[in-house]
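Protein chains get the first letters and strands the later ones, always in sequence-line order, with residue 1 at the start of each.
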Amino acid sequence: MARFRLFDLNDAQRAAVTATDGPLLILAGAGTGKTRVITARVAYLIGQGADPAEIVAVTFTNKAANEMRARLEGMISREQAAKVTMSTFHALCLRILRSGIDRLGYKKNFSIYDEGDQIGLVKKIIAATAAKDEKLDPNLARSAISKAKNAGQPLAPGTLVRAVGERYDLELKRANAVDFDDLLLLAVRLLREQRNLKQRWQQRYRYLLVDEFQDTNRLQLDLIALLASKHRNVAVVGDDDQSIYGWRGADISNVLQFERHFPRPKIVTLEQNYRSTSAILFTANGLIKNNPRRRPKKLWSSIGTGEQIRIISCPNDREEARFISEEIQRNRLRGDVRWEDFAVLFRMNAQSRLLEENLRRLQIPYRIIGGKSFFDRREIKDVLAYMTVLVNPHDDASLLRIINTPARGISASTTEMAVTWSAQHNNSLWQALVSPEFRGQLSARTQASLERFVALIESYTEAARKPQAEPAEPIRRLLREIDYIAELRRQCKTHDEAESREENVHDVLRDLNQYGQRASEGLRGFLDEILLDQEREEEEEDVEDRRGVTLITMHAAKGLEFPHVYIAGVEEGILPHDRSKAEGSLDEERRLFYVGITRAMRTLTITHCYARVRFGSSSPCQPSSFLKELPPDHLQRTNLETLLNTPVSEASAKTGFAQLRAALGM
DNA sequence: AATTGCTAAGTTTTT
DNA sequence: CTTAGCAATT
């Protein structure tokens with residue numbers, strides 16, 4: 001039975017929780033208890049007699065899904081919570097596809113291509129397709145292809161991108177692989193084309209919940225509509241004011257035109273904020289009001305006015321970083337705050353450099369969110385590619401990665417011949433390698449190398465695919481046979497690097513064994529999970545390395561909160577970014593600033609510079625036009641020099657904090 | 001096969 | 001100023 005109390009919720013939250021039937025749009029402003037409402041709603045549905053197995057909550061990240069499940073476990077029994085489907089869009093689609101993709105002409109052991117794999121394939125196709133005078137940036141082509149898929153719109157006919165895109169899809173299919181976008185696209189296609197499958201999935205989920213609805217794209221909306229079309233119980237939670245992923249295909253009109261997609265919905269707006277002071281919310285409200293297309297809402301809180309928002313003008317970026325770092329240190333040493341209570345937000349990752357230097361100089365612990373992933377590391381990708389080839393040898397991207405790693409006498413020119421042969425015969429690379437006809441073109445020596453490689457893969461295939469308690473064992477033997485670790489060590493410059501890379505390999509194998517303990521989908525399931533959940537390593541590092549000031553982009557900060565927030569570099573050209581003006585996404589930049597502001601719980605400091613080093617040389621800059629839009633009521637505008645020349649006595653500083661604490665009721 | 005040197009470009013990144 | 005990607009070199 002439900003162990004939560006409806007009267008712990010405010011009126012709007014309660015309305016959102018108890019409106020069980022029909023479409024529901026929950027407009028959840030920043031810090032209004034969104035996760036609480038979703039989990040309470042699930043608990044409430046179950047309390048009202050719903051079967052947990054017919055409830056699905058869809059999120060964007062695994063982190064959000066895990067958090068939701070953890071919260072739910074605090075409200076209902078573990079067994080019941082376990083029956084509720086909580087999944088990312090991609091993982092849900094993967095489940096749909098693994099059970100029925102053969103009807104679209106793919107084999108069920110298909111691989112998933114990540115961005116790197118996509119780029120590799122696109123490059124190859126451009127090289128083969130483009131005339132000599134034609135040029136096409138592979139990154140641009142990749143993102144155009146991706147956007148077209150997500151928007152459900154074809155690429156412009158007659159263009160090179162179109163030709164590349166068409167070939168790209170064919171090649172993917174030939175490799176028995178799908179990319180991230182295909183997971184959604186093909187799942188939607190499958191449900192549309194296969195009546196019985198559609199009915200099965202519609203039947204299964206009587207209640208749908210969708211998190212971060214403002215970030216959904218056309219395909220995701222289609223998927224939701226398909227799944228919900230029988231029972232029509234779809235509750236979406238989102239905030240159009242926090243839609244900052246339009247450039248990735250998110251379509252804010254999914255929120256703005258919700259009624260068109262799901263007629264006669266109930267709409268609940270959550271406006272009571274439990275995070276920030278009134279001064280912060282007043283400022284945020286004043287800014288976002290300038291966006292023309294939005295669902296009106298006004299955040300408020302009963303936390304108290306709090307301190308004024310400071311806008312500090314700095315002569316240059318070095319002074320800015322120095323000021324922020326030194327002030328964090330001063331405030332920390334004054335006591336009562338921890339390093340992890342501070343966050344510095346910025347528009348671009350490059351802005352973190354100066355901050356890092358200063359924090360290091362002052363020996364302040366910090367953590368940077370974002371950056372290169374564990375899974376981008378060479379040795380990890382190698383090992384995963386070996387695993388992938390064992391599951392699906394027709395995955396050219398993975399095969400190319402390992403065919404001569406470590407070097408085994410299959411030269412680049414041999415590989416190139418194999419690629420050409422496979423293209424001519426419309427076959428996979430693997431099929432070229434095993435074809436006597438292709439091998440016949442090669443020297444005896446190369447033939448022997450190739451045969452050894454093919455035999456190697458084949459000899460481990462069966463063992464690797466068989467589900468077993470220690471799935472890492474065959475992989476470990478394979479790596480030992482090719483002496484991978486020795487090769488890895490040889491390539492490292494320092495001993496430390498070798499240690500850490502070797503450790504990474506062992507970590508992956510250990511993860512695989514752990515996966516084997518709790519799941520039965522074997523190697524393929526493990527690879528799926530890794531591809532669709534690349535953030536868990538970051539989590540692990542978080543645990544050890546939790547302490548410290550957070551340096552983070554405003555994008556990555558969405559959903560987080562910090563007692564003391566600095567937003568740095570709020571200048572025209574950075575926020576809003578120069579490119580956004582050309583792209584006509586000024587509103588989205590404003591929302592980004594809004595997201596930044598609403599991360600702050602107690603104090604907010606916004607800085608901008610009059611000069612900044614860009615591309616090596618210092619150039620002048622103007623304060624962001626957004627700063628003019630902030631209502632002056634709770635603002636305190638200062639120059640850095642003035643601020644530093646006005647000494648704050650120990651006593652008055654203490655009173656300031658004491659007053660704040662009193663206001664916060666602490 | 002690996003290193004060196006040149007060129008060009010320079011947001012944001014949940015899967 | 002960096003840094004990534006690529007070509008040319010040893």
Between [X] ([atom1]) and [N] ([atom2]), how many Å, whole number?
X	N	atom1	atom2	result
A:Met86	B:dT15	CE	C1'	19 Å
A:Lys558	B:dT13	NZ	P	12 Å
A:Gln118	B:dT13	CD	C1'	13 Å
A:Asn139	B:dG10	CG	P	11 Å
A:Ile145	B:dT15	CD1	P	22 Å
A:Lys63	B:dT14	NZ	P	10 Å
A:His577	B:dT11	NE2	P	6 Å
A:Leu531	B:dT13	CG	C1'	16 Å

Which residues share a salt bridge (charged side-chain N to carboxylate O under 4.0 Å, His left out) with [X], sequence neighbours left out:
X	result
A:Asp215	A:Lys558
A:Arg452	none
A:Asp182	A:Lys149

> Is the gap between the ring centers of A:Phe180 and A:Tyr113 under 6.0 Å?
Replying inline: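 When the ring centroids of A:Phe180 and A:Tyr113 are compared, they turn out to be at least 6.0 Å apart.
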
>> Can you list, in residue-number order, the parts of residues 607-625 of chain A that come under 4.0 Å of DNA chain B, counting heavy atoms only?
In response: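 Here the set is A:Phe615.
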
>> At 4.0 Å (heavy atoms only), tell me whether A:Glu589 reaches a base, stays on the sugar-phosphate, or touches nothing.
In response: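 No contact.
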
>> Distance check, C1' atoms only: B:dT12 and C:dG5, in whole angstrom units.
In response: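 Each nucleotide's C1' atom is 22 Å from the other's.
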
> Taking atom P in both C:dA4 and B:dT13, what distance in whole Å separates the two?
Replying inline: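 That atom pair is separated by 16 Å.
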
Do the side-chain N or O atoms of [X] get closer than 4.0 angstrom to the phosphate oxygens (OP1, OP2) of [N]?
X	N	answer
A:Thr59	B:dT14	no
A:Asn62	B:dT15	yes
A:Asn217	B:dT15	no

> If each of A:Asn404 and A:Glu583 is mapped to the nucleotide of DNA chain B with the nearest heavy atom, which maps nearer the 5' terminus, i.e. the 5' end?
Replying inline: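 Taking each residue's closest nucleotide, the earlier one in sequence belongs to A:Asn404.
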
>> Let me spell it out: for each of A:Ile574 and A:Asp215, pick the nucleotide of DNA chain B with the closest heavy atom. Which residue's pick is nearer the 5' end?
In response: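 Upstream on the strand: A:Ile574.
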
>> Below 4.0 Å from chain A heavy atoms, what is the first contacting nucleotide of DNA chain C and what is the last?
In response: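 First and last nucleotides in contact are C:dC1 to C:dT3.
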
>> Taking side chain to side chain contact (heavy atoms under 4.5 Å, CB included) as the definition, give me every residue that meets it alongside A:Ala385, ordered by chain and number, with sequence neighbours left out.
In response: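 A:Ala385 satisfies side chain to side chain contact (heavy atoms under 4.5 Å, CB included) with A:Ser398, A:Arg401, A:Ile402 once adjacent residues are dropped.
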
> For A:Thr553, what residues pass the side chain to side chain contact (heavy atoms under 4.5 Å, CB included) criterion, not counting sequence neighbours?
Replying inline: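 A:Thr553 satisfies side chain to side chain contact (heavy atoms under 4.5 Å, CB included) with A:Phe346, A:Asn349, A:His555, A:Ala556 only.
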
Counting only pairs under 3.5 Å, give me each side-chain donor-acceptor contact of residues 573-581 of chain A, with atom names and distances, residues two or more places apart or in other chains.
from: A:His577; atom 1: ND1; to: A:Arg579; atom 2: N; distance (Å): 3.1
from: A:Ser580; atom 1: OG; to: A:His577; atom 2: O; distance (Å): 2.6
from: A:Lys581; atom 1: NZ; to: A:Glu572; atom 2: OE2; distance (Å): 2.9

>> By a 5.5 angstrom centroid cut-off and a 30 degree plane limit, is there stacking between A:Tyr245 and B:dT13?
In response: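 Stacking between A:Tyr245 and B:dT13: absent.
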
> If every non-hydrogen atom of A:Ala600 is compared with every non-hydrogen atom of A:Val565, which pair is closest and at what distance?
Replying inline: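 Shortest heavy-atom separation between A:Ala600 and A:Val565 comes out as CA-CG2, 3.6 Å.
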
> From B:dT12, B:dG10, B:dT15, pick the nucleotide closest to the side chain of A:Arg579?
Replying inline: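 Between B:dT12, B:dG10, B:dT15, the one nearest the side chain of A:Arg579 would be B:dG10.
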
> Counting side-chain heavy atoms from C-beta on, which of B:dA2, B:dT11, B:dT13 comes nearest to A:Ala556?
Replying inline: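 Out of B:dA2, B:dT11, B:dT13, the nucleotide with an atom closest to A:Ala556's side chain is B:dT13.
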
>> Tell me whether the rings of A:Trp201 and A:Tyr205 are parallel (<30°), tilted (30 to 60°) or perpendicular (>60°).
In response: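 Geometry flag for A:Tyr205 against A:Trp201: tilted rings.
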
>> For residues 90-100 of chain A, which residue pairs pass the side-chain hydrogen bond (donor to acceptor under 3.5 Å, both in side chains) check, not counting sequence neighbours?
In response: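 Sorted result for residues 90-100 of chain A: A:Arg98-A:Asp528.
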
